[in-house]
Amino acid sequence: MNKQPEITDATREALINAFFQLAQKNNITQITVREIINLAGYSWATFYRYFKDVFALIEYAEDSFFEKTRAALAEHEASNGVYDRRFFEIFLKCFNEDPMRISVLMSEQNLSHFIRRMREKTIDNMNTKIADTPKKEAVTDMFFSSVFSSIASHIQSPDILTDEDMLDIIQKLFADWYWPQMVFVVDGSIGKPMEEHIKNIAV
């Protein structure tokens, strides 16, 4: 007989919470399954019912963050369809809602992994399809590395920049540098309708 979904979710969340508690004082690469189950009060078998290893737990937490962010942005995209200031406000708000977890996921030990996975998921879920060109990879890597590294620094040292300053930087970097360099797929063909895309950024 299967466990009730709410019990299953509560057990998984307890294991994840234990990991993040340990990560407040320990390098996340050194946290062990034994430490997690001892703190959460579960057995080895219970842990491995949910996660293959600690790395899989981290990826699950990353995926949960991305899905929460995607859901928060989906309503705006459906009603508005543009990457305007409100879009980026919602985006940044997701990082501020659970700073403890985000500070761990974007810690020095995990930042490059976090950036790579968020980049892949963001590109795959964009409403506007970007054509695969040699330039796309280099520009996209630089953009996402810059944005997420800046957010990570802001989370670690929030007094250096205000949230509004951070918002300005990300929006202008997107509108003035990243988006104009992309080549878009329109009706199955590669094209670059720059006027349409740039006017819909609404800086």
Side-chain angles (χ1 to χ4, degrees), residues 16-17 19-29 31 54-77 80 82-128 130 136-182 197-198 200-203:
I16 293 172
N17 279 334
F19 166 79
F20 279 106
Q21 288 180 49
L22 291 165
Q24 295 302 297
K25 298 180 180 179
N26 302 279
N27 185 314
I28 64 172
T29 62
I31 295 173
V54 178
F55 186 73
L57 184 153
I58 294 171
E59 290 203 334
Y60 182 89
E62 290 174 339
D63 289 343
S64 297
F65 171 75
F66 176 79
E67 288 304 318
K68 181 190 75 173
T69 303
R70 186 185 64 80
L73 293 170
E75 182 177 350
H76 175 78
E77 290 180 305
N80 197 317
V82 301
Y83 300 112
D84 57 8
R85 191 171 186 84
R86 180 58 183 157
F87 176 90
F88 292 102
E89 287 175 349
I90 296 169
F91 175 73
L92 281 178
K93 181 181 178 182
C94 292
F95 287 86
N96 293 326
E97 287 180 344
D98 196 346
M100 186 271 281
R101 288 196 177 189
I102 289 300
S103 66
V104 172
L105 294 177
M106 301 186 78
S107 64
E108 183 179 352
Q109 297 81 23
N110 195 60
L111 183 58
S112 61
H113 180 264
F114 181 89
I115 291 173
R116 177 180 61 79
R117 297 194 77 235
M118 293 304 103
R119 171 195 180 280
E120 292 171 355
K121 289 177 176 293
T122 301
I123 293 296
D124 290 344
N125 284 272
M126 289 181 74
N127 289 336
T128 304
I130 300 174
K136 169 197 168 184
E137 292 303 314
V139 172
T140 300
D141 281 342
M142 285 186 280
F143 173 74
F144 278 88
S145 293
S146 298
V147 168
F148 284 111
S149 295
S150 296
I151 293 173
S153 297
H154 183 55
I155 290 170
Q156 299 296 332
S157 303
D159 295 334
I160 295 177
L161 290 174
T162 66
D163 288 345
E164 284 298 309
D165 289 336
M166 192 77 252
L167 180 61
D168 285 340
I169 291 171
I170 293 174
Q171 187 181 11
K172 289 178 181 178
L173 184 61
F174 179 87
D176 296 342
W177 185 75
Y178 175 67
W179 208 232
Q181 298 190 66
M182 293 297 99
H197 288 283
I198 295 301
N200 282 343
I201 294 175
V203 177

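I123 contributes atom CD1, which lies 8.0 Å from atom CE of M182 (distance to the nearest 0.5 angstrom). Atoms CD1 and CG, on I151 and L161 in that order, are 12.0 Å from each other to the nearest 0.5 Å. Expressed to the nearest 0.5 Å, how far CZ of F20 lies from CD1 of I28 amounts to 8.5 Å. In this structure, CD on Q171 lies 7.5 Å from CG on D84, to the nearest 0.5 angstrom. To the nearest 0.5 Å, the span separating CD1 on I31 from CG on L57 amounts to 9.0 Å. In this structure, L22 CG and K25 NZ are separated by 9.5 Å, a value rounded to the nearest 0.5 Å.
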**Message:** With side chain to side chain contact (heavy atoms under 4.5 Å, CB included) as the criterion, how do F144 and M118 come out once you've worked through the C-alpha distance, each side chain's angles and the decisive distance to 0.1 Å?
**Reply:** CA-CA 8 Å; F144 278 88; M118 293 304 103; 5.7 Å; no
**Item:** Audit row: M166, F95, side chain to side chain contact (heavy atoms under 4.5 Å, CB included) steps and yes/no
**Value:** CA-CA 12 Å; M166 192 77 252; F95 287 86; over 6 Å; no
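For S146, the side chain to side chain contact (heavy atoms under 4.5 Å, CB included) test picks out L173, with sequence neighbours left out. Partners of K136 by salt bridge (charged side-chain N to carboxylate O under 4.0 Å, His left out), not counting sequence neighbours, listed by chain and number: D132. Under the salt bridge (charged side-chain N to carboxylate O under 4.0 Å, His left out) criterion, E164 pairs with R85, not counting sequence neighbours. With sequence neighbours excluded, the residues forming a ring-ring contact (aromatic ring centres under 6.0 Å, His included) with F87 are Y83, listed by chain and number. Residues passing the side chain to side chain donor-acceptor pair (under 3.5 Å) test with E97: none are found, sequence neighbours excluded. Among residues two or more places apart in sequence or in another chain, the side chain to side chain donor-acceptor pair (under 3.5 Å) test is passed with D163 by H154. By the salt bridge (charged side-chain N to carboxylate O under 4.0 Å, His left out) test, D98 is found to be paired with R101, residues two or more places apart in sequence or in another chain being considered. Evaluation of the side chain to side chain donor-acceptor pair (under 3.5 Å) rule for T69 yields no partner, not counting sequence neighbours. Under the rule for a salt bridge (charged side-chain N to carboxylate O under 4.0 Å, His left out), the partners of D63 that lie at least two apart in sequence or sit in another chain are R117, K121. Contacts of E137 classified as side chain to side chain donor-acceptor pair (under 3.5 Å), with partners at least two apart in sequence or in another chain: R119. With sequence neighbours excluded, the residues satisfying side chain to side chain contact (heavy atoms under 4.5 Å, CB included) with S149 are L111, I115. The ring-ring contact (aromatic ring centres under 6.0 Å, His included) test applied to F66 returns no partner, not counting sequence neighbours.
Taking 4.5 Å as the limit, every side-chain heavy atom of Q181 sits out of range of all side-chain heavy atoms of F143. Annotation: side chain of F114 is not in contact with side chain of I58 (no heavy-atom distance under 4.5 Å).
Looking at every heavy atom in both residues, N110 comes nearest to V104 through CB-O, 4.2 Å. The two residues K68 and C94 come nearest to each other via the heavy atoms NZ-O, 3.4 Å. Taking every heavy atom of both residues into account, P99 and I155 meet most closely at O-CG2, 4.5 Å.
More than 12 heavy atoms of other residues, nucleotides or ligands sit less than 6.0 Å from atom CD of Q24.
Note on ring orientation: taking the six-membered ring where Trp is involved, the planes of F174 and Y178 are tilted (angle from 30° to 60°).
Between K93 and E89, none of the side-chain N atoms (NZ, or NE/NH1/NH2) sits under 4.0 Å from a carboxylate O, so this pair counts as no salt bridge.
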